[in-house]
Amino acid sequence: MRTTAQVSWIAGAAAVALAATACSGGGGGSSGGGSVPGGVVRAYWGDPQNPLEPADTNEVQGGKVLDMIFRGLKIYNPDTGAAQNEVAQSITSSDQRTFTVRIKPGWKFSNGEPVNADSFINAWNYGALVTNKQLNASFFAYIDGYAAVHPNSGSPTARTMKGLKKVDDLTFTVTLIQKFSLFPDTLGYSAYYPLPKAFFSDPAAWLRKPIGNGPYVISSYTKGSKMELRKSSNFSGPDRAQNGGVDLIVYTDANTAYTDLQAGNLDVIDIIPAAQLANAPSDLSGRFINQPAGIIQTLSFPLYQANWSTPGALKVRQGISMAINRPQITQRIFNNSRTPATDWTSPVLGQQGGFSKTICGQACTYDPARAKTLIQQGGGLPGGQMTISYNADGDHKSWVDAVCNSINTVLGNNHACVGNPIGTFADFRSQVTDKKMTSAFRTGWQMDYPLIQDFLEPLYTTNGSSNDAHFSNPQFDKLANQANAAPNSAAAVSSWQDAEKILAVQMPAIPLWYQNAVGGYSARVSGVRLNSFSVPVYYRITVKS
Amino acid sequence: MGRYVLRRLLQMIPVFIGTTLLIFLMVHALGDPIAARFGDKAPDPVVAAQIRAEFNLDKPLWLQYVLYFKGIFTGDFGTAFTGEPVIDLMARSWPVTLKLGLTAFVIEAVVGIALGLVSGLRRGRLTDTVAMAFTLIVISIPVFVLGFTLQYLLGVKWAVIRPTVSYGAPLNELILPGLVLASVSLAYVTRLTRTSVAENLRADYVRTAVAKGLPRRRVVTQHLLRNSLIPVVTFLGTDLGALMGGALVTETIFNIQGVGYNLMQGVRRQESATVVGFVTVLVIVYLVANLLVDLLYAVLDPRIRYA
C-alpha cells in the first residue's frame, strides 16, 4: 500500500528543486525562554543553486543559510511577518525619498569586525554593480545612482551609487529615485544584508565559508552534502539560538527525507512529498505543520497576443476564472495544503497589511452558469481552445488537468482546455520571458518581503520586473505611484488595494490558490514553526535530549 | 594482442568525440538555462547577458563545443552554476558511485552465477523452479518499488538498518542500495548462467571430461562453468557501465549524492558542463568495460585469439 503511494517519487524529486524557485526567506524576531543548550538540530536541505552571496541567492535553500548567518537592518517577525528593527536603531524620512538609517552600536561579524555604515554601503554597491553579475541586483534599482552602476547596455560609468552616503560610522542616508514609503520594510530581505571587509579582500575564501553577523556561524561545509552551523559566540542581537547548532543535510529527494524523519534520522523538514500529504498528520502523530505562506499561484494570460487582449477576451478570462472549482481542487488534489485565493496577495499579510477576502469577489467564485455565459458573450475561447502551459519537471500536471477538467465540464466540451507540458523549468521560464506563450500559463509568486507592494508592483505595473502577462493599465500604474508616495503605510495599503480592484476587473492573471507551508519534525525537538516565507525558524528550535 | 588493444583504443576516439557532441547538442536543445536561475521572476537582461557570457552561452554552438573540448584537454571540465568547478563535483561523486556500483557488481556476479549454476545443474527440479520463479518476480518489479519497499520495511517499520546512506557513504550502509541496484541484473545473470550451463552440460567436451574420470568438482568448475561464462561475462561487462550511469533511481531513494544524482541535478538546471562532463566519464567507463570483456573472452575460451 505504502509503495504504491510512493511510486510518484519522480514528481516529488522534481518538486524539491522547483518548489524552491522564487525567493529566500526572512528571519526570526524576539527570543523566547527556556532553551536547552548544546543539542544540534538535524534539518532537511536542498543543494543551493547559486553561490552563497546575499545579493546572488534568490531561492529558499541558499536563503535558509543566509538567514541563519546574517541579520539585516530589519527582520520579519516569525509570527506576524511584520518588519521590525534588528541591526537598525531607526530608519526615518520626512519626504519618503531620502531615508536616514541609524545602526545600533555593538553589532559584530563573527570574525570580530564591527557592523557599521560601510558594511551596508559596500555590500549594496557590490550587489548593484553590473559586473558582479548578482541575481538580486534589481533590488537596488530604487536607489539613486543605480542606472550608473547597472546600465542597460555597455559598461558601468560608476562603481558606487550616489544615493548611498555615509554620515558617520553608524549612520548613512539612502536617496531613492522616487518616493517609496514602504522602502524601510523591504530591508529585511537577504539582498540587503551587510558584508564584512573579509568578503571584499578574499571573495573566494569567503564563499567557501561565509562569515556573517547572525546567530549562527558555519563550522564546516561540504558542498553537495552537508553544512554544519553552530551557535555564534559573539552574536549581538536579541534573537539568540536556543540550540547548539543546526546540521543542514542535503537530500536527493523529498521522499527520502520524509523516510529519514520517520526513522528518526532527521529532525526538521520543510517539504512534504505530495503523495504523503494525506498520511503525514497521522504518520507524524501531530508533529505536522500546515500553515499559510507568502506564496500565491496564478494562471496568467499572454496579453501581448492579439486574440487575448480584445474586450471579448476580457470576458473570457473572467469566465475562465469562474469556471474553476477552487475549493474542490485544493481539497482533492492538494489535501488542503492550498487555500482558494480571494485576492492577488497572501493571507500572511493580514487584513492590515492588505490581504482581502473580498477583492476578487464574484470573479473568483465558482459559478458554472455565469462562467459559460461570460465565455460565450466574449466570443468563446480564442481559437476555440485554450491550453495551460506548465513545466513538466514540477508537481503541476495533476492540478493543471483538474483546472482544465473544471473548465471543460463548465463548457460541456472535453477538448476546450488541455494541459501543455514544457520539459524543464528553465525552458518554460525562458519561453515565458521571451513572450512565446500563446495561451494561459502557470505563474507563481513567492514574496520577497511581506508587503502588498511586493505582490503587485513587480507583477502588474507596466514594465514590472516580473510582469509575465505584460499587463499594462495607466490607472493601475497611477495608483501604484500614489501608493509608493503615500505618507504612511495605511495610506499605501489602501491605494494598493484600489489598484488591486482593477485586477479584479481586468483579470490579467487568475488567482488560483495560496500555497501553504508544510513541514514536520521529530519528537526529539520542539518549538518548530515555519515563518511566512515557509522557512523553519531554526534559532527558536529546542532540542529535548 | 597488443595491436588489437591499440586498434580498439584508437577506435574509442571517434566514439568519444561523437558521444560528447551528441550530449552537448541534446543539453543545448533543452533551451536557455539562464531564465531558470531567476526563479519565477523575469531575468534582469543585463545580468543574464553577463552570465551567458561567463558560461560561453552567447557564442555560436560550434564554438561553445570547441571551447569546451579544448578545456577538457587542459583538465578544465567547466564550472557549475554554483561556481564550483565540475571537476570537483566529479571528484566527490565518482568515488561514491564507484563504491555503490562495485558493491552491486559483486553481489550480482557472485550471487547470480552461483544461483544460475545450481539451477542449471538441477534443471527441472525444485531448486531450479524456485530460483526461476524468484528471478521472474525480481525482473517484473520496478527497481524503485523494490527500493522503497525494502527501505520502508527494513529502515522504518522494523528499524533494522538506517533507511538512508549517511554522510560519506560507508560501505556497510551501501549493501541494501547495492542489492536493490543489482536486483534486476542479478536475475538476468542467473537466467543466462542457467541456460548456458544446462546447454553445455550436454556438450561433447563435458561428456569426455566425465568419461576421463575427472572428479565432478573439476568437471563443473574447469570445463563446464568456464565455457558457460562467455555470454555472462559479456552481460556483466556492459552492465558495469549501466550500474554506474543507471544508479540514479537507487541513489535518489537512498540519498546517495553520487553520479546519478549530480547528473539529474545538471539536467534539471541545464548545466551543459556538468552533464557533458559526467556523461563523458560514463562513456569512457563503458568503452573500457567493453574492451575488458573482449579481452576476457580470450582468457575464458582458448580458441579465441586476437591478432
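Per chain, numbering begins at 1; letters A, B, ... match sequence-line order.
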For [X], which atoms come within 4.5 Å of any heavy atom of chain B: side chain, backbone, both, or neither?
| X | result |
| --- | --- |
| A:Gln134 | backbone |
| A:Asp47 | both |
| A:Asp468 | side chain |
| A:Thr443 | neither |
| A:Pro458 | neither |

Less than 4.5 Å to any heavy atom of chain A: does that hold for the side chain of [X], its backbone, both, or neither?
| X | result |
| --- | --- |
| B:Pro43 | both |
| B:Ile256 | backbone |
| B:Tyr261 | side chain |
| B:Glu271 | neither |

Does the side chain of [Y] come within less than 4.5 Å of [X]'s, by heavy atoms?
| X | Y | answer |
| --- | --- | --- |
| A:Glu59 | B:Arg37 | no |
| B:Tyr167 | A:Thr222 | yes |
| B:Gln257 | A:Val250 | yes |
| B:Tyr152 | A:Thr259 | no |
| B:Arg162 | A:Asp260 | yes |
| B:Arg268 | A:Thr424 | no |

Residues, nucleotides or ligands: over 12 heavy atoms within 6.0 Å of [X] [atom1]:
| X | atom1 | value |
| --- | --- | --- |
| B:Phe55 | CZ | yes |
| B:Asn172 | CG | yes |
| B:Tyr65 | OH | yes |
| B:Lys59 | NZ | yes |

Are B:Glu251 and A:Thr252 close enough that a side-chain donor and a side-chain acceptor fall under 3.5 Å? no
Run the side chain to side chain contact (heavy atoms under 4.5 Å, CB included) test on A:Lys223 and B:Leu89 for me, step by step, so that the C-alpha distance in whole Å, both residues' side-chain angles and the decisive distance to 0.1 Å come before the verdict. CA-CA 9 Å; A:Lys223 279 191 178 173; B:Leu89 217 58; over 6 Å; no
Side-chain polar contacts of residues 44-53 of chain B - donor-acceptor pairs under 3.5 angstrom, sequence neighbours left out - could you list them?
from    : atom 1 : to       : atom 2 : distance (Å)
B:Asp44 : OD1    : B:Val46  : N      : 3.2
B:Asp44 : OD2    : A:His150 : NE2    : 2.8
B:Arg52 : NE     : B:Asp32  : OD2    : 3.3
B:Arg52 : NH2    : B:Asp32  : OD2    : 2.6

Search all heavy atoms of [X] against all heavy atoms of [Y] and return the closest pair with its distance.
| X | Y | answer |
| --- | --- | --- |
| B:Pro163 | A:Asn265 | CD-ND2, 3.4 Å |
| A:Ala426 | B:Ala35 | O-CB, 4.3 Å |
| A:Thr256 | B:Thr252 | OG1-O, 2.8 Å |

Rounded to the nearest 0.5 Å, what separation is found between the [atom1] atom of [X] and the [atom2] atom of [Y]?
| X | Y | atom1 | atom2 | result |
| --- | --- | --- | --- | --- |
| B:Phe38 | A:Ser430 | CZ | OG | 12.0 Å |
| A:Gln49 | B:Phe81 | CD | CZ | 10.0 Å |
| B:Phe148 | A:Asn255 | CZ | CG | 4.5 Å |

Looking at [options], which has the largest count of heavy-atom pairs under 4.5 Å with chain B?
| options | answer |
| --- | --- |
| A:Pro151, A:Gly224, A:Gly464 | A:Gly224 |
| A:Gly423, A:Ser465, A:Ala257, A:Ser153 | A:Ser465 |
| A:Thr131, A:Asn136, A:Asp434 | A:Thr131 |

Please answer whether the main-chain N or O of A:Pro51 pairs with a side-chain N or O of B:Thr82 as donor and acceptor at a distance below 3.5 Å. no
For B:Ser185, what residues pass the side chain to side chain contact (heavy atoms under 4.5 Å, CB included) criterion, not counting sequence neighbours? B:Glu108, B:Phe235, B:Asp239
